[in-house]
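What you see below is based on every heavy atom in this structure, not just the backbone, and it leaves out hydrogens, waters and symmetry mates. The first residue of the sequence shown is numbered 1, and numbering continues consecutively from there.
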Amino acid sequence: MTAEQRRNLHAFGDYVRKTLDPTFILSYMAPWFRDDEVQHIQAEKNNKGPTEAASLFLQFLLELQEEGWFRGFLDALNQAGYCGLCEAIESWDFQKIEKLEEYRSLLRRLQPEFKTTINPKDILPEIAECLISQECEEILQICSSKGLMAGAEKMVECLLRSDKENWPKTLKLALEKEESRFSELWMVDKGAEDVKMKDLEDDEMKTCDVQIFYKEEPENQNLSQNSCSSSAPHTYSPLKPRKYQLELALPAQNGKNTIICAPTGCGKTFVSLLICEHHLKKFPRGRKGKVVFFAIQLPVYEQQKSVFSKHFERLGYKVAGISGATSDTVCVEQIVENNDIIILTPQILVNCLTNGTIPSLSVFTLMIFDECHNTSKQHPYNVIMFNYLDRKLGGSSDSLPQVIGLTASVGVGDAKNKAEATEYICKLCASLDTSVIATVRDNLEELEEVVYKPQKFFRKVELRTTDRFKCIISQLMMEIESLAKSIFEELGTITLGGLFQIQNSNFGTQKYEQWIVKVQKECAVFQMPDKDKESRICKALFSYMSHLRIYNDALIINEHARMKDALDYLKDFFRNIRAAGFDEIEQDLTQRFEEKLQELESISIDPSNENPKLRDLCFILQEEYHLNPETRTILFVKTRALVDALKKWIKENPKLSFLKPSILTGRGKTNQNIGMTLPAQKCVLDTFRTDKDNKILITTSVADEGIDIAQCNLVILYEYVGNVIKMIQTRGRGRARGSKCFLLTANADLIDKEKMNMYKEEMMNGAILILQTWDEAVFKEKIHQIQIREKIIRDNQGKPEPVPDKKTKKLLCKKCKAFACYTADIRMVENCHFTVVGDAFRERFVSKLHPKPKSFGNIEKRAKIYCARPDCSHDWGIYVRYKAFEMPFIKIESFVVEDIATGVQTVHAKWKDFNFEKLSFDAAEMAGGAQDLGLQGMGNLE
């Protein structure tokens, strides 16, 4: 296989992931894949589905070095029936598969109707040629074991992965042959865009009543008349807004800057649609409004972009969105100029105001801040409003946009009484330049028919009376602490030794995690005259701290879930350690663990060590589902590791396995856990909304704010308490009549804290009522005085731009302290990426194919780069193709910066925090050796 073919397979990997179920071709790939790799891929499909399995398959595939594997892969595709995919890869032309995307999109939209109207057994013989033979068998098997609806869902899943260019037409013919009414919706001749929205609206109303009446997402609500009956002609007929929604919208429609404070689930997004439509229509001929809607979290951004697009594009307005995930590939200035409504994550606008891409907020006529209670300190919302207020208070002649804030709770901060709460809310109003707080007062009865305040229960549970698992792990942690401490005693240094003077007996806590981070930061800038010894010491300490952190995580899992789950977490870690660089320290620490492994295994399966917390959680779930088998539950927990552990526990518990749990976590990476991608989050939420068999969603705080989750009637907070805002939002997830909210904890302080939050909620509501009685002129003057005071503080705190330090400094590997480069060799690419010029740096890193290669703008991400020292392999960044050049992009958090003159070392989390002379990349510097650099860089790929 040529290097170009390997790169192409990387580049077109997404088509393989979306199309291939690798388990269907594994038998044909036996000469190239080991048994354990085959088992790993099969397990990945069972646990996460075919897309994740295809990603793993592709990873293994691209690591092969044996001759003939590429031809073998193509032959395997042909033999298994993936003719379309095989043809596309052979020619590197995926246009035929790409053209199917509009039909996939249509089928996804029509899936609820498909599964309720189609008998998959009837049409399977007609469409079998478009599927893989094993898929046909799976569909029939699911029909027999789980029913026709489940079989229809499986059929949709298989069609969405089909690589046969004729499957949309074949499906149409099969539907017409069966005289299925679904055939009227499957518009293959004119294209997916011609399907009438009314068809979808009517079908949603028949099958998804819960969504219409309880969803915050407003595509089933609108501005005019009541919904038509199902017998009405197929024309778009939106629903009428409720009276309380009109009440909430009124001050904003009258042009006033307003904070709308209303419960989760009442349709605040729909209220914002009312406001937007009124705002855009009020402009006279020749003038146009421009709206920007801010959403903090990416899933919320995606959700709101979809909602606004569906609502406004039918009215002739243009809607577009930009987030951090897409900003590199679009021209922000052009998007803002060419659209009427722009959905943004707020940091995008902060960046544009800073670099001048958007010169002023006056380009907008209306700004809407979702979850506006976040407007404080240096949050992007507040930074945007600093810009607004500086222009307002500075007497700028530019017109300023109207400001609307949406929230379920304005909060009260640290207020102890109603007067302090009133002052806190006034500061929020000042930050958003609002003098009206809109709440539902005249139509409370109607609101209470839609949003039900769940009944709150507190359940104090007991801990294990004895915990041998914790004793063993704590002993291992003390041994590691002693090993680390002995290094400093041997050195006789007090620089770091003081860190070990604190009492570190609080294993299994967040406080201990913070101590680990502190030690790691100190180690990063630790220096010795003997640099080899310094490197060895720092690497050893990083290893010790990594193991302490994993043990600490395991103790947290053990406290809140099963010992078995905590032990599995540790075993996964040590399995990964063995697969990576396995030096003497790692061998020693692994041996210590393995010496205790048998005893830990025995303890973890002993029934007497069952976690009493889980017994109580099991009892609550059994009781609630006994009372109401249709119960829908959201279970909030603190960490991702707990999400995974509780999912395993529910699936393996015969009393609870019927719940079929799904999980929702954030996007970032923590320790061993890789966050969920945005598509994965969307998929989970869509499934939880539509699949009635999926009865429980286990989630971290990602589901707290704004994400629209289908109606649920049971919220369980499992050792999970935040501030009053978080309490109102999590409780707001239980929207159904008769819903309940349980706080389950072994910590009496958490119950007290939650009761305090309930008191603060009452205090907040009282403070809002007081402010609503104020004369508007008095309120505005109060806000104005706060704004002036805050601006004076802000201006006095303003620091002059630091002069760049032009002295050359060294960058050292943060883990092993190996020399990497000089700052004089660093160049800035497109104002945000940093590369190193010169041949010498190429010898100091090794590279490995990137698991998720992608392109953005002029940049093609191709590989990961690591410290070249074989006993280190610290992650330094990525290897890219930028225009005509191949080059490394390094990340500053992977290095220690050393002042050559003084020897002082510092660490920086971001490039913007590192004040050195940032020279821009010049192609002329690379012109002489660009080709060699590319060949050398790719030669390093493993």
Have a look at Ile118 and tell me which of Val156, Ile123, Leu171 forms a side chain to side chain contact (heavy atoms under 4.5 Å, CB included) with it.
-> Ile123

Might you work through the side chain to side chain contact (heavy atoms under 4.5 Å, CB included) test for Leu131 and Leu124, ending with a clear yes or no?
-> CA-CA 9 Å; Leu131 304 175; Leu124 185 58; 4.0 Å; yes

Flag the pair Lys45 and Glu138 as a salt bridge only when some basic side-chain nitrogen lies within less than 4.0 angstrom of an acidic carboxylate oxygen.
-> yes

Would you say Ile663 and Val684 make side-chain contact, with heavy atoms under 4.5 Å?
-> no

Check: Gly68 main-chain N/O paired with Arg71 side-chain donor or acceptor under 3.5 Å | no

Are a donor atom and an acceptor atom from the side chains of Thr687 and Asn694 found within less than 3.5 Å of each other?
-> no

When you measure from the centre of the six-membered ring of Phe312, is the NZ or CZ of Lys310 under 6.0 Å away and within 45° of the axis?
-> no

Output yes when a side-chain donor or acceptor of Thr170 lies under 3.5 Å from a complementary backbone atom of Asn166, and no otherwise.
-> yes

Side chain to side chain contact (heavy atoms under 4.5 Å, CB included) between Ile716 and Phe636: does it pass, once the steps are laid out?
-> CA-CA 6 Å; Ile716 300 177; Phe636 283 95; over 6 Å; no

Answer yes or no: does atom CG of Asp35 have more than 12 heavy-atom neighbours from other residues, nucleotides or ligands under 6.0 Å?
-> no

May I ask you to check whether Phe94 and Phe12 place their ring centers less than 6.0 Å from one another?
-> yes

Least distance between heavy atoms, Leu617 atom then Tyr718 atom | CD2-CE1, 4.1 Å

How close do Ser162 and Leu100 get, heavy atom to heavy atom, and via which atoms?
-> O-CD1, 3.8 Å

Cationic N near anionic O, under 4.0 Å, Glu129 to Lys164 = no

Compare all side-chain heavy atoms of Glu860 with those of His10 and state whether any distance is below 4.5 angstrom.
-> no

Donor-acceptor under 3.5 Å (Glu87 side chain, Gly84 main chain) | no

If we ignore angles and hydrogens, is there a donor and acceptor under 3.5 Å between the side chains of Glu630 and Tyr625?
-> no

Ile97 and Ala88 have their tightest heavy-atom pair at CD1-CB, 4.1 Å

Ignoring hydrogens and geometry, is there a side-chain-to-backbone donor-acceptor pair from Asn628 to Glu624 under 3.5 Å?
-> no

Got a donor-acceptor contact below 3.5 angstrom from the Thr19 side chain to the Asp163 backbone?
-> no

SB check Asp21 Arg161 (cutoff 4.0 Å) = no

Please set out all donor-acceptor pairs under 3.5 angstrom arising from side-chain atoms of residues 650-659, sequence neighbours excluded.
from   : atom 1 : to     : atom 2 : distance (Å)
Glu652 : OE1    : Arg562 : NH1    : 3.0
Glu652 : OE1    : Arg562 : NH2    : 3.1
Asn653 : OD1    : Lys655 : N      : 2.9

N-O pairing of Lys648 and Asp568 below 4.0 Å | yes

Fit a plane to each ring of Phe70 and Trp92, take the angle between them on a 0 to 90° scale, and name the class: parallel (under 30°), tilted (30 to 60°) or perpendicular (over 60°).
-> parallel

Minimum heavy-atom separation for Ala76 to Tyr28, with atom names?
-> CB-CB, 3.5 Å

Please test Leu56 against Gln59 for side chain to side chain contact (heavy atoms under 4.5 Å, CB included), starting from the C-alpha separation and ending with a verdict.
-> CA-CA 5 Å; Leu56 183 62; Gln59 177 186 325; 4.1 Å; yes

Heavy-atom pair with the smallest gap, counting every atom of Leu26 and Gln42 | CD1-CG, 3.8 Å

What pairs meet the ring pair (Phe, Tyr, Trp, His ring centres under 6.0 Å) rule with one or both residues in residues 43-63, with sequence neighbours excluded?
-> Phe33-Phe57, His40-Phe60, Phe57-Phe73

Decide whether Thr51 and Arg17 meet the rule of one side-chain donor and one side-chain acceptor closer than 3.5 Å.
-> no

Locate the shortest heavy-atom distance separating Ile139 from Met155; write the atom from each residue and the value.
-> CD1-CA, 3.8 Å

Return yes if some donor-acceptor pair links the side-chain N/O of Glu37 with the main-chain N/O of Arg34 below 3.5 Å, else return no.
-> yes

Taking the side chain from Asn78 and the backbone from Cys83, do they hold a donor-acceptor pair closer than 3.5 Å?
-> no

